[in-house]
Amino acid sequence: MTLLPPSFRALVIGSSGTIGSAFVELLQADKACIEVVGIHRHSEYPIDYRHPETIEAAAKTLSLGGPFQLIINTIGVLHSKEWMPEKKLADLNSEQLMDLMKINAIGPALTIQHFSTILDPQHSVMATLSAKVGSIEDNRLGGWYSYRASKAALNMLIKTAAIELARTKPNTGLIALHPGTVNSRLSQPFRGEQIGRPALDAAADMLKVIQNLGKEDSGCFFSYSGEKLPW
Ligand SMILES: NC(=O)c1ccc[n+]([C@@H]2O[C@H](COP(=O)([O-])OP(=O)(O)OC[C@H]3O[C@@H](n4cnc5c(N)ncnc54)[C@H](OP(=O)(O)O)[C@@H]3O)[C@@H](O)[C@H]2O)c1
């Protein structure tokens with residue numbers, strides 16, 4: 001049996017982003033989706049990982065509207081005005097490492113903590129976008145220290161929470177999801193426009209993966225193609 005019921009309410013976290021907004025567009029056109037709510041830093045119920053208290057506040061407010069059967073968290077950063085991914089060990093610095101940990105690992109973990117309480121205990125899925133470069137086993141090229149480390153930390157947090165939820169909410173699945181290379185703000189400085197796919201294609205593929213998930217898939221790391229990725 002699949003975790004996602006035939007008709008569901010969905011929440012997209014980070015709906016201002018390229019992939020987040022593609023998920024909202026896709027779900028709005030999906031007959032199985034009764035309602036889709038999108039939240040981001042500047043939405044009605046703001047969520048800002050530089051202000052972790054906003055995570056619990058947004059979850060509390062949204063809990064008043066009843067449970068969600070699908071939550072997709074697309075928040076993540078790779079570069080900023082101040083820095084680009086490190087090419088070598090000499091580029092490592094504590095500010096960049098801490099910032100990426102805060103936004104790519106700590107924020108999503110606290111989101112799982114607070115938003116898993118508004119998931120439907122009967123049937124539900126929470127997917128968090130990770131990245132294949134966060135796979136330790138798959139790391140062949142090196143570089144991008146803080147992005148890789150923050151996504152690896154995120155993967156461990158998802159896996160650990162999935163083990164706990166399997167005991168307390170056995171019909172809820174938590175997964176890490178790799179979107180592939182997508183043409184977006186995040187990939188733009190790395191030839192994203194040339195090598196990335198349209199966000200709507202990536203979101204459609206990821207939605208198929210989500211729709212096919214069973215209980216046994218909780219705590220796994222999936223690619224948009226449905227392939228299970230190594231941690
Ligand atoms: N694009 C790719 O090729 C690719 C590949 C692998 C994995 N991913 C992952 O896919 C996810 C979505 O990426 P994308 O390509 O859609 O990137 P994007 O267009 O840059 O969107 C990033 C999202 O994260 C939000 N965000 C950034 N910092 C935040 C903060 N401090 N608090 C709250 N929200 C914050 C952004 O909000 P604002 O609009 O307010 O800035 C935006 O909604 C990320 O987790 C990324 O790591 C992407």
Side-chain angles (χ1 to χ4, degrees), residues 13-23 40-42 46-55 72-113 127-161 175-199 202-203 206 220-225 227-231:
I13 302 176
S15 57
S16 57
T18 316
I19 299 177
S21 54
F23 269 120
H40 54 83
R41 280 197 271 210
H42 307 290
I47 181 160
D48 187 336
Y49 286 173
R50 293 194 191 286
H51 302 282
E53 68 284 357
T54 60
I55 303 170
I72 305 174
N73 186 0
T74 67
I75 292 176
V77 284
L78 170 60
H79 54 84
S80 75
K81 279 190 205 118
E82 291 79 38
W83 35 256
M84 291 302 274
E86 312 89 340
K87 288 191 175 153
K88 50 189 189 309
L89 203 48
D91 297 334
L92 271 191
N93 63 88
S94 59
E95 289 77 20
Q96 186 170 351
L97 265 165
M98 283 197 286
D99 227 35
L100 273 141
M101 285 294 174
K102 191 181 276 178
I103 294 160
N104 291 345
I106 298 169
L110 297 175
T111 303
I112 291 172
Q113 180 189 35
T128 304
L129 294 205
S130 181
K132 196 173 171 184
V133 297
S135 165
I136 294 174
E137 208 173 320
D138 188 68
N139 186 356
R140 291 178 185 91
L141 290 175
W144 290 24
Y145 284 83
S146 46
Y147 187 70
R148 283 185 188 278
S150 63
K151 292 291 192 181
L154 167 68
N155 289 348
M156 178 58 94
L157 289 156
I158 293 170
K159 173 80 187 178
T160 307
I175 61 159
L177 201 47
H178 167 61
T181 304
V182 175
N183 178 9
S184 76
R185 268 192 278 155
L186 180 139
S187 65
Q188 194 269 329
F190 308 96
R191 299 181 48 247
E193 223 169 307
Q194 290 93 323
I195 61 170
R197 293 198 299 155
M206 290 187 278
C220 290
F221 184 16
F222 283 96
S223 175
Y224 62 92
S225 61
E227 177 198 358
K228 262 188 198 167
L229 296 172
W231 294 114

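Basis for what follows: all heavy atoms, side chains included, without hydrogens, waters or symmetry-related copies.
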Can you confirm whether more than 12 heavy atoms, excluding those of Met101, are under 6.0 Å from its CE atom? yes
Would you say Asn104 and Leu154 make side-chain contact, with heavy atoms under 4.5 Å? no
Examine distances only and state if a side-chain atom of Thr128 and a backbone atom of Asn73 form a donor-acceptor pair shorter than 3.5 Å. no
If you apply the rule side chain to side chain contact (heavy atoms under 4.5 Å, CB included), what do you find for Leu229 with His178, and how did you get there? CA-CA 9 Å; Leu229 296 172; His178 167 61; 3.7 Å; yes
Please check if the side chain of Gln96 supplies one atom and the backbone of Met84 the other of a donor-acceptor pair under 3.5 Å. yes
Considering only heavy atoms from C-beta outward, does the side chain of Ser21 approach that of Ser15 to under 4.5 Å? no
Any chance you could measure Asn183, atom CG, to Gln188, atom CD, to the nearest 0.5 Å? 8.5 Å
Any chance CD1 of Ile136 has more than 12 other-residue heavy atoms, nucleotides or ligands included, within less than 6.0 Å? no
For the side chain of Arg41 and the backbone of Ile47, is there at least one donor-acceptor N/O pair under 3.5 Å apart? no
Can you confirm whether the side chains of Tyr49 and Thr54 place a donor and an acceptor under 3.5 Å from each other? no
Inter-residue atom distance Ser146.OG - Asp99.CG, 0.5 Å rounding: 9.0 Å
In Å, rounded to the nearest 0.5 Å, how long is the span from CD1 of Ile106 to OG of Ser150? 10.0 Å
Donor-acceptor contact present, side-chain Asp91 to main-chain Lys87, <3.5 Å: yes
Can you name the side chain to side chain contact (heavy atoms under 4.5 Å, CB included) partners of Ala161, sequence neighbours left out? Ile112, Leu174
Using only atom types and a distance under 3.5 Å, with no angle test, would you say the side chain of His40 pairs donor to acceptor with the backbone of His42? yes
Separation between CD (Glu86) and OH (Tyr147), nearest 0.5 Å, reads 12.5 Å
Is the backbone of Leu97 close enough, under 3.5 Å, to the side chain of Lys102 for a donor and an acceptor to pair up by distance? no
List the atom of Val182, the atom of Pro198, and the distance in Å for their closest heavy-atom pair. CG1-C, 4.3 Å
Heavy-atom nearest pair, Gly14 first then Ile75, reads CA-CG1, 3.7 Å
Is a side-chain donor-acceptor pair under 3.5 Å present for Ser80 with Glu82? yes
Would Phe190 and His79 count as a side chain to side chain contact (heavy atoms under 4.5 Å, CB included) here? Give the steps. CA-CA 10 Å; Phe190 308 96; His79 54 84; 3.8 Å; yes
Glu53, CD: over 12 other non-hydrogen atoms inside 6.0 angstrom: yes
I need the minimum non-hydrogen distance between Ala203 and Phe23, along with the two atoms involved. O-CE2, 3.5 Å
What distance separates Lys159 NZ from Phe221 CZ, expressed to the nearest 0.5 Å? 12.5 Å
Donor on one side chain, acceptor on other, Ser130 and Asn155, under 3.5 Å: yes
So which heavy atom on Gly142 is nearest to which on Asn139, and how close? N-OD1, 3.0 Å
Ignoring hydrogens and angles, tell me if any N or O in the side chain of Thr74 forms a donor-acceptor pair with the backbone of Ile13 under 3.5 Å. yes
Do any N or O atoms from the side chain of Arg185 and from the backbone of Thr18 form a donor-acceptor pair under 3.5 angstrom? no
Enter the distance from Ser223:OG to Met206:CE here, rounded to the nearest 0.5 Å. 9.5 Å
Centre of Tyr224's six-membered ring, under 6.0 Å away, within 45 degrees of the axis: is that where NZ or CZ of Arg197 sits? yes
Test item: Lys132 and Asp138 side chains (from C-beta on) under 4.5 Å apart, heavy atoms: yes
Could you walk me through whether Leu100 and Arg148 satisfy the side chain to side chain contact (heavy atoms under 4.5 Å, CB included) test, starting with their C-alpha distance in whole Å, then the side-chain angles of each, then the deciding distance to 0.1 Å, before giving a yes or no? CA-CA 9 Å; Leu100 273 141; Arg148 283 185 188 278; over 6 Å; no
Side chain Thr160, main chain Leu157, donor-acceptor under 3.5 Å: no
Working note: Ile158 + Ile175, criterion side chain to side chain contact (heavy atoms under 4.5 Å, CB included); need CA distance, chi angles, decisive distance, verdict. CA-CA 7 Å; Ile158 293 170; Ile175 61 159; 5.7 Å; no
